[in-house]
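A quick write-up on the structure given underneath.
Just so it is clear: chains get the letters A, B, ... in the order the sequence lines come, proteins before strands, and each one is counted from 1. Heavy-atom basis, side chains included; hydrogens, waters and symmetry copies ignored.
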Amino acid sequence: MSKRSLYSIVAALILLGVYSYEHFLKEEEQQVIIADGSQPKTQTNTFFLPTSTTGQVVHHEGYSLSYSEAHEQPEWVAYELKKSDLSNHNFKRPYFEIDSAVKTGAAHWRNYKNSGYDRGHLCPAGDRRSSKAAYDETFLTSNISPQEHNFNAGIWNTLEQKVRYWAVKYDGIFVVTGGVLRGDMQAIGDEAVAVPNAFYKVLIDYNSGDPKMIGFLMPHENSNKPLYEFVVSVDDLEKLTGIDFFPQLDDAKEDKLEASTSYKDWVFN
DNA sequence: CTGGCAGTC
DNA sequence: GACTGCCAG
């Protein structure tokens, strides 16, 4: 058995243990959390919004998105991720709902049924655990893309967990995520939801002095490579997607940060 | 954590 | 279709 396999099994057992314990202990406590309501985070959530190539930006309490009706999924989902968004509470997964804020009509989850693809969160449920309401809000079909399960539960999940690690370590980062909606793509369901051939993630840390930025581009397939091998410049992601990710930064700073492929400022462990 | 699927009403 | 319970990596 490889060292990696052993680690995976140990990690799974620990998660299982935590899950069981939380489920047993904290059912009543959840309702207190719900009553606490969501924090007003609109200001920070929208500060770094990218441009939209589709003209349909939708804001929710916990994240914003730009919906592509042609592809029946978002071209990007953007949100701030702070320590307070994470918790140990176990929430029961709700059903995916059609996002009524998408005026052109967001996809129905039925498109994904028996498609062979996961309903892959872009703003992960695990990034919105401050309250049941915040958690449930990620279960909108405007927040998902078709993803191969081995990719979603594999290298992509690994990246999402690293993002949570950085959010804690740097006490807040801003995250932009999406599928690359370009080129020839397969489609699933009656509404022809496009299956991206790659997914990207852009992070900016604006809390620790000079802002630092990092971009990832992952082919839509699982991988055993280390995360840093997927680092790309934000410039490359902008050329690939047609999206301007940080128009709010002054041009000189934006140009410098977005051209960088350096990840020395981001601790990978 | 990331998810699907079968059985029931 | 909504909901519960069970399953896998």
Side-chain angles (χ1 to χ4, degrees), chain A residues 1-24 26-27 30 62-63 73 77 79 81 83 85-100 105-132 134-141 143-169 175 177-179 188-191 193 195-196 199-201 216 218-225 227 230 268-269:
Chain A
M1 179 181 295
S2 72
K3 194 172 179 182
R4 181 183 172 81
S5 299
L6 184 62
Y7 176 80
S8 299
I9 291 170
V10 170
L13 287 174
I14 291 172
L15 283 171
L16 187 65
V18 170
Y19 175 91
S20 305
Y21 179 76
E22 296 283 344
H23 188 72
F24 175 73
K26 299 203 171 170
E27 268 185 17
Q30 283 181 19
Y63 60 96
Q73 66 196 280
V77 171
Y79 56 96
L81 183 61
K83 289 180 185 177
D85 294 310
L86 310 172
S87 78
N88 294 324
H89 301 295
N90 172 54
F91 296 124
K92 181 180 173 177
R93 291 173 72 94
Y95 286 89
F96 278 97
E97 294 180 7
I98 297 173
D99 186 351
S100 60
H108 194 286
W109 58 263
R110 196 189 303 111
N111 292 288
Y112 291 73
K113 190 174 177 62
N114 297 323
S115 71
Y117 290 95
D118 278 10
R119 306 162 177 103
H121 277 90
L122 293 174
C123 175
D127 282 6
R128 284 293 173 267
R129 296 175 74 85
S130 63
S131 71
K132 173 66 169 160
Y135 182 82
D136 285 356
E137 196 186 42
T138 68
F139 285 78
L140 296 171
T141 58
N143 182 40
I144 59 176
S145 292
Q147 290 183 328
E148 291 182 9
H149 182 70
N150 288 342
F151 172 78
N152 187 22
I155 188 72
W156 188 250
N157 187 25
T158 303
L159 176 58
E160 288 177 337
Q161 292 187 36
K162 186 62 71 179
V163 170
R164 285 191 273 274
Y165 166 80
W166 283 325
V168 172
K169 186 177 185 64
V175 186
T177 302
I188 58 170
D190 292 338
E191 295 179 275
V193 180
V195 181
F199 289 87
Y200 68 85
K201 202 176 273 287
F216 293 87
M218 289 188 167
H220 189 180
E221 59 186 10
N222 196 20
S223 171
N224 291 320
K225 292 179 184 175
L227 287 178
F230 297 96
F268 277 78
N269 275 18

N/O to N/O distances under 3.5 Å, protein versus nucleotides 3-7 of chain B:
residue	atom	partner	partner atom	Å
dG3(B)	OP1	His121(A)	N	2.7
dG3(B)	OP1	Asn152(A)	OD1	3.4
dG3(B)	OP1	Asn152(A)	ND2	3.0
dG3(B)	OP2	His121(A)	ND1	3.1
dG3(B)	O5'	Asn152(A)	ND2	2.5
dG4(B)	OP1	Arg119(A)	N	3.2
dG4(B)	OP1	Arg119(A)	NH1	3.0
dG4(B)	OP2	Arg119(A)	NH1	3.3

Between the protein and nucleotides 5-7 of chain C, which nitrogen or oxygen pairs come in under 3.5 angstrom?
none

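Ala167(A) meets the side chain to side chain contact (heavy atoms under 4.5 Å, CB included) test with Leu81(A), Ile173(A); sequence neighbours excluded. With sequence neighbours left out, the side chain to side chain contact (heavy atoms under 4.5 Å, CB included) criterion links Arg110(A) to His108(A). For Asp136(A), the side chain to side chain contact (heavy atoms under 4.5 Å, CB included) partners two or more places apart in sequence, or in a different chain, are Pro94(A), Lys132(A). Contacts of Tyr112(A) classified as ring pair (Phe, Tyr, Trp, His ring centres under 6.0 Å), with partners at least two apart in sequence or in another chain: none. Residues that satisfy the ring pair (Phe, Tyr, Trp, His ring centres under 6.0 Å) test with Phe268(A), not counting sequence neighbours, are Trp166(A), Tyr263(A). Residues satisfying the side chain to side chain contact (heavy atoms under 4.5 Å, CB included) criterion with Ala153(A), sequence neighbours excluded, are His149(A).
Atom-to-atom, CD of Glu97(A) to C1' of dG1(C) comes out at 12 Å; the value is rounded to the nearest Å. Atom pair Leu159(A):CG and dT2(B):C1' shows a separation of 13 Å (rounding to whole Å applied). In this entry the distance linking NZ of Lys201(A) with P of dT2(B) reads 11 Å, nearest Å. Distance Asn150(A) CG to dT2(B) P: 16 Å, rounded to the nearest Å. Distance Phe91(A) CZ to dT2(B) C1': 17 Å, rounded to the nearest Å. The distance between atom CG of Asp136(A) and atom P of dC3(C), rounded to the nearest whole Å, is 12 Å.
Among pairs with a residue in residues 154-169 of chain A, those fulfilling salt bridge (charged side-chain N to carboxylate O under 4.0 Å, His left out) read Asp127(A)-Arg164(A), at least two apart in sequence or across chains.
Relative ring orientation between Phe199(A) and His220(A) is described as perpendicular, the plane-to-plane angle rising above 60° on a 0-90° scale split at 30° and 60°.
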